[in-house]
Enquirer: 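Quick one: the structure is below, and I'll ask about it shortly.
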Amino acid sequence: MTDNSRLRIAIQKSGRLCEGSMDLLKAIGVKLSIRDRLLIAHATNLPIDLLRVRDDDIPGLVMDGVVDLGFIGENELEEKMLERQALGKQHQFQTLERMEFGGCRLSIAVPNEFDYQGAQSLAGKKVATTYPYLLERYFKEQNINAKAVMLNGSVEVAPRAGLADAICDLVSTGATLEANGLEEKEVIFRSKAVLIQRAGDMPDAKQKLIDKLLTRINGVMQAKE
Ligand code: PRT
Ligand code: ZN
């Protein structure tokens with residue numbers, strides 16, 4: 001049974017946001033006894049439970065009110081928000097804090113040999129991405145008649161495999177694009193990790209705990225400036 005009086009925080013189990021989220025929780029004094037592979041970790045000094053899941057599941061867990069807080073990349077959050085909006089599902093949440101980790105950009109890149117003269121060169125083309133809603137929104141805003149092709153992995157090899165003419169993927173150093181003969185042309189979204197809270201009423205004790213954690217987070221972030 002889950003204990004509803006404890007604050008439930010969703011974090012990525014493993015991956016690029018995991019270390020940043022765990023380091024921050026540690027820095028604000030949340031003591032954990034994490035055993036690998038366990039879905040739930042209980043804090044030993046505060047009424048907090050951590051749910052360790054895939055990052056893709058975090059926006060939905062918060063928007064469905066299954067957890068109280070979540071650490072998530074804005075790219076994933078915005079994509080899931082647009083998807084849920086389109087499907088008529090609950091998509092409310094509140095952003096509490098933008099973090100200093102998880103920074104990246106979502107960019108359109110084309111093969112080196114692509115004669116690129118600006119975004120309109122994408123008209124009539126297929127663009128492979130894991131973020132079809134963000135990409136379609138960009139096409140709409142820019143009035144470009146192009147097609148987003150959904151791929152959950154290996155996006156960067158899609159042009160070489162003949163699956164798409166261009167890609168739209170996350171970039172941090174640019175090394176992956178370069179290694180695959182691709183050139184970054186348009187940044188369509190800039191992202192960092194954020195801490196979000198579910199919509200709806202929060203019991204007083206939980207809200208007080210959230211406020212306390214936020215004060216500590218701000219302290220940690222200021223100390224780093
Ligand atoms: O298993 P799970 O579903 O939880 O993890 P995941 O594999 O879906 O996600 P993960 O851990 O790769 O990324 C989680 C989040 O980290 C993303 O949603 C972003 O918010 C953030 N982030 C920051 C990044 C990157 N930087 C990043 N560089 N996510 C992915 N990448 C990938 C990118 O897709 C490409 O393959 O790294 C490659 C490019 O890196 P560079 O340095 O070569 O440009
Ligand atoms: Zn994921």
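Counting convention: from 1, in listed order, for ligands and their atoms alike. For the numbers below, each heavy atom of this structure counts, side chains included, while hydrogens, waters and symmetry mates do not. Quantities reported herein were computed from a predicted structural model and do not represent experimental measurements.
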Enquirer: Okay, side chain of Q12, backbone of L17: is any donor-acceptor separation there less than 3.5 Å?
Expert: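 Here the side-chain-to-backbone pair exists.
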Enquirer: List every atom of ligand 1 that sits less than 4.0 Å from any heavy atom of D169, numbering the atoms from 1 in the order shown and giving each element.
Expert: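 Counting from 1, the qualifying ligand atoms are 34 (O).
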Enquirer: Please state which protein non-hydrogen atom is closest to atom 24 (C) of ligand 1 and give its distance, to 0.1 Å?
Expert: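 Ranked first by proximity to atom 24 (C) of ligand 1 is R16 CD, 3.3 Å.
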Enquirer: Which of the protein's N, O or S atoms come within less than 2.8 Å of the Zn ion (ligand 2), not counting waters?
Expert: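 Near the Zn ion (ligand 2), below 2.8 Å, one finds D55 OD1, D56 OD1.
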Enquirer: Go through ligand 1 atom by atom and flag the ones less than 4.0 Å from a non-hydrogen atom of D56.
Expert: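 So the answer, numbered in order with elements, is 3 (O), 8 (O).
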Enquirer: Check whether the side chains of N218 and Q222 place a donor and an acceptor atom closer than 3.5 Å, and report yes or no.
Expert: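 The answer is no; no qualifying pair exists.
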Enquirer: Suppose I only count heavy atoms of L17 and a 4.0 Å limit; which atoms of ligand 1 are within that range?
Expert: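 By the 4.0 Å cutoff, the relevant atoms are 15 (C), 16 (O).
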Enquirer: Have a look at D64 and tell me which of R84, K89, Q90, H91 forms a side chain to side chain donor-acceptor pair (under 3.5 Å) with it.
Expert: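 That would be R84.
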Enquirer: Got the closest protein heavy atom to atom 26 (N) of ligand 1, with its distance?
Expert: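 Minimum-distance protein heavy atom for atom 26 (N) of ligand 1 reads C104 CB, 3.4 Å.
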Enquirer: Would the distance check show the side chain of Q120 and the main-chain N or O of N143 forming a donor-acceptor pair, the cut-off being under 3.5 Å?
Expert: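 Indeed, once roles are kept as given, a pair shorter than 3.5 Å links the two residues.
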Enquirer: Around atom NZ of K147, are there more than 12 heavy atoms from other residues, nucleotides or ligands closer than 6.0 Å?
Expert: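 At most 12 heavy atoms, drawn from other residues, nucleotides or ligands, come within 6.0 Å of this atom.
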Enquirer: When you check the gap from the basic side-chain N to the acidic O, do D68 and R198 get nearer than 4.0 Å?
Expert: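 Salt bridge flag = yes for R198 with D68.
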Enquirer: Please write down residue, atom name and distance for the protein heavy atom closest to atom 1 (O) of ligand 1.
Expert: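 Ranking protein heavy atoms by distance from atom 1 (O) of ligand 1, first comes R54 NE, 3.5 Å.
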Enquirer: Please say whether S191 places an N or O atom under 3.5 Å from an N or O atom belonging to ligand 1.
Expert: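 Between S191 and ligand 1, no N or O pair is found under 3.5 Å apart.
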Enquirer: Just need the protein heavy atom nearest to atom 42 (O) of ligand 1, so name the residue and atom and give the distance.
Expert: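 Sorting protein heavy atoms by distance from atom 42 (O) of ligand 1 puts T173 OG1, 2.6 Å first.
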Enquirer: Of all the atoms in ligand 1, which lie at a distance below 4.0 Å from a heavy atom belonging to A175?
Expert: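 Result: 43 (O), 44 (O).
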Enquirer: For atom 28 (N) of ligand 1, what is the nearest protein heavy atom, given as residue, atom name and distance?
Expert: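 The closest one turns out to be S172 OG, 2.9 Å.
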Enquirer: Answer yes when K13 and D57 have at least one side-chain N-carboxylate O distance shorter than 4.0 Å, and no when they do not.
Expert: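 No, no charged N to carboxylate O under 4.0 Å.
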Enquirer: Taking K206 for the side chain and N4 for the main chain, is one N or O donor matched with an acceptor at less than 3.5 Å?
Expert: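 Yes, the answer is positive, given that a donor and an acceptor are paired below the 3.5 Å cut-off.
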Enquirer: Which value, rounded to the nearest 0.5 Å, describes the distance between L170 atom CG and F189 atom CZ?
Expert: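 These two atoms lie 10.0 Å from each other.
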Enquirer: Please report which non-hydrogen protein atom sits nearest to atom 33 (C) of ligand 1, along with the residue it belongs to and the distance in Å to one decimal place.
Expert: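 So the nearest neighbour among protein heavy atoms is L170 O, 3.3 Å.
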Enquirer: Going by heavy atoms, is G103 under 4.0 Å from ligand 1?
Expert: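 The answer is yes: ligand 1 sits under 4.0 Å from a heavy atom of G103.
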Enquirer: Run down the list R52, Q12, E76 and name the one with the heavy atom closest to atom 5 (O) of ligand 1.
Expert: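 Selected option, by shortest heavy-atom distance: Q12.
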Enquirer: Can you tell me which residue and heavy atom of the protein come closest to atom 19 (C) of ligand 1, and the distance to 0.1 Å?
Expert: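 Closest protein heavy atom to atom 19 (C) of ligand 1: N75 OD1, 3.5 Å.
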Enquirer: With heavy atoms of G15 as the reference, note each atom of ligand 1 found under 4.0 Å away.
Expert: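 Near G15, the atoms of ligand 1 are 11 (O).
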Enquirer: Quick check on contacts: which atoms of ligand 1 are under 4.0 angstrom from a heavy atom of V171?
Expert: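 Per the distance check, 44 (O).
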Enquirer: Give the atoms of ligand 1, by number and element, whose distance to some non-hydrogen atom of G73 is under 4.0 Å.
Expert: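 Answer, ordered by atom number: 20 (O).
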Enquirer: Got a sec: does the CG of N45 have more than 12 other heavy atoms crowding it under 6.0 Å?
Expert: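 Counting neighbours around CG of N45, more than 12 heavy atoms of other residues, nucleotides or ligands fall under 6.0 Å, so yes.
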Enquirer: Find out whether D55 and F71 are in side-chain contact, i.e. whether some heavy atom of one side chain is under 4.5 Å from a heavy atom of the other.
Expert: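 Contact flag for D55/F71 side chains = no.
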Enquirer: Identify, for atom 8 (O) of ligand 1, the protein heavy atom at the shortest distance, and state residue, atom and that distance.
Expert: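 That would be D55 OD1, 3.3 Å.
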Enquirer: Under the criterion side-chain contact (heavy atoms from CB on, under 4.5 Å), I'd like the reasoning laid out for L106 against N75: C-alpha separation, chi angles, the key distance, then a yes or no.
Expert: CA-CA 8 Å; L106 183 63; N75 54 301; 5.5 Å; no
Enquirer: Which atom pairs, one a donor and one an acceptor, fall under 3.5 Å between side chains of residues 95-105 and the rest of the protein, sequence neighbours left out?
Expert:
{"from": "R98", "atom 1": "NE", "to": "E74", "atom 2": "OE1", "distance (Å)": "3.0"}
{"from": "R98", "atom 1": "NE", "to": "E74", "atom 2": "OE2", "distance (Å)": "3.0"}
{"from": "R98", "atom 1": "NH2", "to": "E74", "atom 2": "OE1", "distance (Å)": "2.8"}
{"from": "E100", "atom 1": "OE1", "to": "K192", "atom 2": "NZ", "distance (Å)": "3.3"}
{"from": "R105", "atom 1": "NE", "to": "E184", "atom 2": "OE2", "distance (Å)": "2.7"}
{"from": "R105", "atom 1": "NH1", "to": "S172", "atom 2": "O", "distance (Å)": "3.2"}
{"from": "R105", "atom 1": "NH2", "to": "E184", "atom 2": "OE1", "distance (Å)": "3.0"}

Enquirer: Taking T129 for its side chain and D169 for its backbone only, find out whether a donor-acceptor pair lies under 3.5 Å.
Expert: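 No; judged by distance alone, with no hydrogens or angles, the pair does not exist.
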Enquirer: With rounding to the nearest 0.5 angstrom, report the OG to CG distance, S5 to L209.
Expert: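 That separation rounds to 10.5 Å.
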Enquirer: Within a distance under 4.0 Å of any heavy atom of T176, pick out the atoms of ligand 1 and give their elements.
Expert: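 Answer for ligand 1: 38 (C), 39 (C), 40 (O), 41 (P), 43 (O).
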